[in-house]
Amino acid sequence: MRAAAAEQGGGGRSLLLLAPPALLLLALLARHLLKQRRPPGFPPGPAGLPLIGSIHALNILQYLFFLSKIFSLDLGGISAIVLNGYDAVKECLVHQSEIFADRPSLPLFFGYGLLNSKYGRGWTEHRKLAVNSFRIFGYDQRSFEHKISEEAVFFLDAIDTYKGKPFDLKHLITNAVSNITNLIIFGERFTYEDTEFQHMIDIFSENVELAASASVFLYNAFPWIGILPFGKHQQLFKNAAEVYDFLHKLIERVSENRKPQSPRHFVDAYLDEMDCNENDPESTYSRENLIFSVGELIIAGTETTTNVLRWAVLFMALYPNIQVQKEIDLVIGPNKMPALEERCKMPYTEAVLHEVLRFCNIVPLGIFHATSKDTVVRGYSIPEGTTVITNLYSVHFDEKYWSNPEVFFPERFLDSSGQFIKKDAFVPFSLGRRHCLGEQLARMEMFLFFTSLLQRFHLRFPPGSVPDLKPRLGMTLQPQPYVVCAERR
Ligand code: HEM
């Protein structure tokens, strides 16, 4: 009897011990469910699941543009709106550019550096420094175009070693493209045999894919998940730590012989700014921000331009009747290296590259924005701090601006006399204050690499291999891995 009573007493005590954590859990749950309620006047949207909201639908978000021009979404307590179509995106990013220039405060995107930094002094200073460096160490230098052409020759020679046999171009394109950014940031290129640099880019790209996965987004909504020793977020942290270490050492090496106020590249220019601001306690320049900015510039420049070129190669091998090679032969000829001044004489090539950017939607949802103040859009109230998803995919498939948008048709960028025409609703680099700062560089690289490649090689798929046109989903849309034969013309 006594033993049973003692047992009962023990059970009661354990129940008492469990009560506070259970209450805490209930309180947290109630708080979370309250956070999931739509604020008054917020745009309507699909009902999400309890707790996780619509996180599970993240990977198909760009395809939900038929829902409405603006709809709301609950990402596990993070309230978000999705902007669909050119008019809605322009209305927010251009007409209310300042209010929509912030980035969300998500645990994954700590707010360091430039691309993920909040709208404020830190962002203004870092963006200005990056834009100036891209100009001074990049396209304002007369020799810069020549440096891209030199890289194109390394790239073509490396392709030649496959002697027309099928291979995956991905690594060579990645190396060539990242080397152009490397020249501006570090003042040097890396050889295609540099496995350490390649490994850094590989795990960095893996993180770009992981960052858009539902399970990593769960971490944004429930940061305590970070303590769990398993899951995709752990892989992401591990990769990020390795990339950070690599960049830290690289920055030390390339700044070893720096002469203050005589910058040779972005890293030097950044360290000069750090020196100039060392007595300003509010200064946003720091070693930490330098490493983050360098990482963001490398990955933003590499992942995007590489994927445009991979899609372009895929379409050229798929539709060999496309007239680009005819135009190259006519304007450039077989021996001379392509030059940027020839771009305006090659409307068809320009049209093809534009159609690849439109049709393939390399950054389908842009980079998430946030509102820095309460505002009103189309009669809906959008509170400060709302996450804003710009569905650029929907802009490129907006039937108000594009006829038969689901068809790959470069001629849509040509007028009746074959001249290139610009289109308002062409926004692969986004709009407004946070628009892509690498657009000019990306355009130079795409033109020079693409024309050099097609000048030297015919591209075709090996017999029997049919490429999959379904993109691989992530923060960027990339083609599924494919092999191609590049035969000397
Ligand atoms: C075809 C190639 C490229 C595409 C399609 C592309 C697209 C984009 C898009 C859609 C954004 C988001 C803008 C927004 O938040 O609204 C962006 C931002 C950005 N891009 Fe690019 N990009 C490309 C190449 C590059 C290159 C070559 C660089 C630099 C090396 C670069 C650096 C950046 C940076 C730093 C941002 C963040 C800007 C900010 O937050 O102020 N991009 N890009």
Side-chain angles (χ1 to χ4, degrees), residues 62 81-104 109 111 113-135 138-140 177 180-181 184 208 266 292-293 296-308 350 353-354 356-358 360-373 375 377 386-398 401 413 422-447 475-477:
Q62 67 261 34
I81 55 167
V82 181
L83 304 175
N84 282 324
Y86 179 60
D87 298 339
V89 170
K90 187 175 165 198
E91 194 173 324
C92 296
L93 296 196
V94 179
H95 298 156
Q96 299 199 44
S97 64
E98 183 153 16
I99 294 176
F100 280 85
D102 208 359
R103 295 277 188 229
F109 306 112
L114 154 59
L115 188 138
N116 285 315
S117 77
K118 302 290 289 172
Y119 183 64
R121 177 171 165 183
W123 171 77
T124 313
E125 289 180 343
H126 282 75
R127 178 147 178 139
K128 195 166 151 207
L129 182 63
V131 168
N132 285 340
S133 300
F134 272 74
R135 221 172 21 74
Y139 32 79
D140 262 11
V177 163
I180 306 306
T181 323
I184 298 176
V208 174
F266 175 76
F292 274 89
S293 306
E296 287 171 346
L297 288 168
I298 292 177
I299 205 66
T302 305
E303 189 72 12
T304 47
T305 317
T306 296
N307 284 329
V308 179
E350 278 290 90
L353 285 172
H354 277 70
V356 169
L357 280 163
R358 182 197 72 83
C360 300
N361 287 293
I362 308 301
V363 196
L365 300 176
I367 298 170
F368 290 4
H369 284 239
T371 45
S372 55
K373 271 192 208 147
T375 187
V377 180
T386 302
T387 295
V388 180
I389 303 177
T390 53
N391 188 353
L392 302 181
Y393 185 104
S394 73
V395 179
H396 289 154
F397 280 72
D398 187 340
Y401 293 92
F413 286 97
K422 287 188 178 160
K423 301 272 186 178
D424 282 345
F426 176 75
V427 294
F429 300 98
S430 190
L431 295 167
R433 297 194 184 202
R434 299 297 288 238
H435 77 270
C436 176
L437 65 79
E439 174 171 353
Q440 201 174 337
L441 182 70
R443 285 177 181 278
M444 288 168 84
E445 290 181 47
M446 286 184 295
F447 178 79
M475 297 279 276
T476 56
L477 290 187

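FYI, the numbering just counts along the sequence from 1. Keep in mind that what you see is a predicted model, and the values were worked out from it rather than measured. Note that these values count all heavy atoms, side chains included, but never hydrogens, waters or copies made by symmetry.
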Ring geometry between Y393 and F397 (parallel below 30°, tilted from 30 to 60°, perpendicular above 60°): parallel
Short side-chain to backbone donor-acceptor contact, H369 and F100, under 3.5 Å: yes
Test item: side-chain donor near acceptor, T375 and Q96, under 3.5 Å: yes
Greater than 12 external heavy atoms within 6.0 Å of K90's NZ: no
Close side-chain approach of L297 to L114, heavy-atom, < 4.5 Å: yes
Working for side chain to side chain contact (heavy atoms under 4.5 Å, CB included), residues T181 and F134: CA-CA 9 Å; T181 323; F134 272 74; 4.3 Å; yes
Heavy-atom side-chain contact between L365 and V82 under 4.5 Å: no
F426 and F413 aromatic centres sub-6.0 Å: yes
Side chain H396, main chain V427, donor-acceptor under 3.5 Å: yes
Shortest non-hydrogen contact from N307 toward L477: CB-O, 4.2 Å
pair D102-T371: side-chain heavy atoms closer than 4.5 Å: no
Side chains of N361 and P428 in contact at under 4.5 Å (non-hydrogen atoms): no
Distance, nearest 0.5 Å, that separates OG1 of T387 from CD1 of I389: 7.0 Å
Steps toward side chain to side chain contact (heavy atoms under 4.5 Å, CB included) verdict (Q440, Y139): CA-CA 8 Å; Q440 201 174 337; Y139 32 79; 3.5 Å; yes
Distance-only donor-acceptor check, side chains D87 and Y401, under 3.5 Å: yes
Taking every non-hydrogen atom, the tightest pair across R434 and L115: NH2-O, 3.3 Å
